[in-house]
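Just follow the structure's listing: the first ligand is 1, and inside any ligand the first atom is 1. Note that the structure is a prediction, hence the values are computed from the model and not measured.
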Amino acid sequence: MATSYATVTWDQLHRDARQLASSLMARGPFKGIVAITRGGMIPAAIIARELDCRLIDTISVVTYDEEKMGESNVVKKADAAGDGDGFLIIDDLVDSGVTAQLVRKMLPKAYFACLYAKPAGLPVTDMFVVEVPQDTWILFPWDTAPLFIPPLASQPTEKA
Ligand SMILES: O=P(O)(O)OC[C@H]1O[C@H](OP(=O)(O)OP(=O)(O)O)[C@H](O)[C@@H]1O
Ligand SMILES: Nc1nc2[nH]cnc2c(=O)[nH]1
Ligand SMILES: [Mg+2]
C-alpha cells in the first residue's frame, strides 16, 4: 500500500529517458527494442530516437501479485526478438519485479532497462535511472491532469 506519491512530469520523464539512453550507449548497439506495454512505450520511443534504433516490438503481459504469478496472462509476445539476444527491453518502472521477471523469462538473452526502480524489483533490472521507495506510488504524466486549486484567501477562515 502506497503511503506517498511521486509525480513525474513530461519534462522529467524525458530527461530521465535521455539519461537512460546515454548510459545504454555503452551497452549497444542493440538489434532492436522491446517495449513492455503500455508504460514502456513512451520511454522506449524516446530511447529508440536517441539510440537510432528503428526496430521496435512490444510485449504485453497482464500480471497479478506474486502468489498468483501462475495466472499472469501474456496478451502479446515479442516475436521479432527471438530469445532476446541483442535486444533491449524497456519498461517505465519495476515495482514488485513480477512483470520484469516474466518478460525476462520469455527473452532470457535481452538487456532490461527501466526509468524507475523500487527495491523489490531492482535486482531484476540490468539498468535503471532513479530508485524510488517501495511505499511510493509513481504518478506518470499520463496518469494525471492539472487541477484548479482555489487560492488560500478564497477559503473561509477559522475564527478563534
Ligand atoms: O514490478 P511490477 O509489480 O510487476 O509492476 C511494474 C509494472 O506495473 C505497471 O504496468 P501495468 O501492469 O500496471 O500496466 P500498464 O503498463 O499497461 O499501465 C508498470 O508499467 C510496470 O510494467
Ligand atoms: N503508475 C504506476 N503504476 C505502477 N504499477 C506498479 N507500481 C506502480 C507505480 O508506482 N505507479
Ligand atoms: Mg506496465
Specify the protein heavy atom at minimum distance from [atom]: its residue, its atom name, and the distance to 0.1 Å.
atom: atom 6 (C) of ligand 1; result: Leu93 O, 3.7 Å
atom: atom 3 (O) of ligand 1; result: Ser96 OG, 2.5 Å
atom: atom 5 (N) of ligand 2; result: Trp137 CH2, 3.6 Å
atom: atom 20 (O) of ligand 1; result: Asp92 OD1, 2.6 Å
atom: atom 5 (O) of ligand 1; result: Asp95 CB, 3.6 Å
atom: atom 12 (O) of ligand 1; result: Thr63 OG1, 4.6 Å
atom: atom 1 (N) of ligand 2; result: Ile138 O, 3.0 Å

Enumerate the atoms of ligand 1 whose separation from the nearest heavy atom of Val94 is less than 4.0 angstrom.
-> 1 (O)

Go through ligand 1 atom by atom and flag the ones less than 4.0 Å from a non-hydrogen atom of Arg38.
-> 15 (P), 16 (O), 17 (O), 18 (O)

Sole residue of Val74, Val34, Ile89 in side-chain contact (heavy atoms from CB on, under 4.5 Å) with Met106 =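 In the set Val74, Val34, Ile89, the residue that makes a side-chain contact (heavy atoms from CB on, under 4.5 Å) with Met106 is Val74.
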
Only one of Ile36, Val129, Leu93, Thr125 clears side-chain contact (heavy atoms from CB on, under 4.5 Å) with Cys114; which?
->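 Exactly one pass, corresponding to Thr125.
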
Answer with side chain, backbone, both or neither: which part of [X] has a heavy atom less than 4.0 angstrom from an atom of ligand 1?
X: Asp91; answer: side chain
X: Thr37; answer: backbone
X: Thr99; answer: both

If only side-chain N and O atoms count, and only distance matters, is there a donor-acceptor pair under 3.5 Å linking [Y] with [X]?
X: Tyr116; Y: Asp16; result: yes
X: Thr37; Y: Thr58; result: no
X: Gln101; Y: Arg104; result: no

Does the protein put a heavy atom less than 4.0 Å from atom 10 (O) of ligand 1?
->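 Flag for atom 10 (O) of ligand 1 set to false, no protein heavy atom closer than 4.0 Å.
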
Check whether any protein heavy atom sits under 4.0 Å from atom 18 (O) of ligand 1.
->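 Answer yes: something from the protein, a heavy atom, is under 4.0 Å.
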
Between Val132 and ligand 2, find which residue part has any heavy-atom pair under 4.0 Å and reply side chain, backbone, both or neither.
->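 For Val132, there is no contact with ligand 2 at all, from either part.
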
Linked, directly or transitively: Phe128 and Val124 (ILVMFWY side chains, under 4.5 Å) = no

When hydrophobic residues are tied together by side-chain contacts of less than 4.5 Å, even through go-betweens, does Trp142 share a cluster with Ile46?
-> yes

Do the side chains of Ile33 and Ile47 get nearer than 4.5 Å, heavy atoms only?
->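 A side-chain contact exists here, since the closest heavy-atom pair is under 4.5 Å.
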
Hey, are the side chains of Phe112 and Leu88 touching, using non-hydrogen atoms and a 4.5 Å cut-off?
-> no

Can you find an N or O of Leu139 that's nearer than 3.5 Å to an N or O of ligand 2?
-> no

Those atoms of ligand 2 less than 4.0 Å from some heavy atom in [X]:
X: Phe140; value: 1 (N)
X: Lys118; value: 7 (N), 9 (C), 10 (O)
X: Asp95; value: 6 (C), 7 (N), 8 (C)
X: Asp143; value: 1 (N)

Residue pair Arg27, Asp126: steps toward the salt bridge (Lys or Arg N to Asp or Glu O under 4.0 Å) verdict | CA-CA 10 Å; Arg27 301 280 172 173; Asp126 291 314; over 6 Å; no

When rounded to the nearest 0.5 angstrom, what is the spacing between CG in Leu115 and CD1 in Ile138?
->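 Rounded to the nearest 0.5 Å, the CG-CD1 separation comes to 9.0 Å.
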
What do you reckon, is NZ of Lys109 surrounded by more than 12 foreign heavy atoms closer than 6.0 Å?
->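 Check fails, neighbour count at 12 or below.
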
Does Gly97 come within less than 4.0 Å of ligand 1, judged by its heavy atoms?
->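 A heavy atom of Gly97 does come that close to ligand 1.
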
Distance-only N or O hit between ligand 1 and Gly39, under 3.5 Å |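 Yes.
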
Can a salt bridge be assigned to the pair Asp92 and Arg38 using a cut-off of 4.0 Å between side-chain N and carboxylate O?
-> no

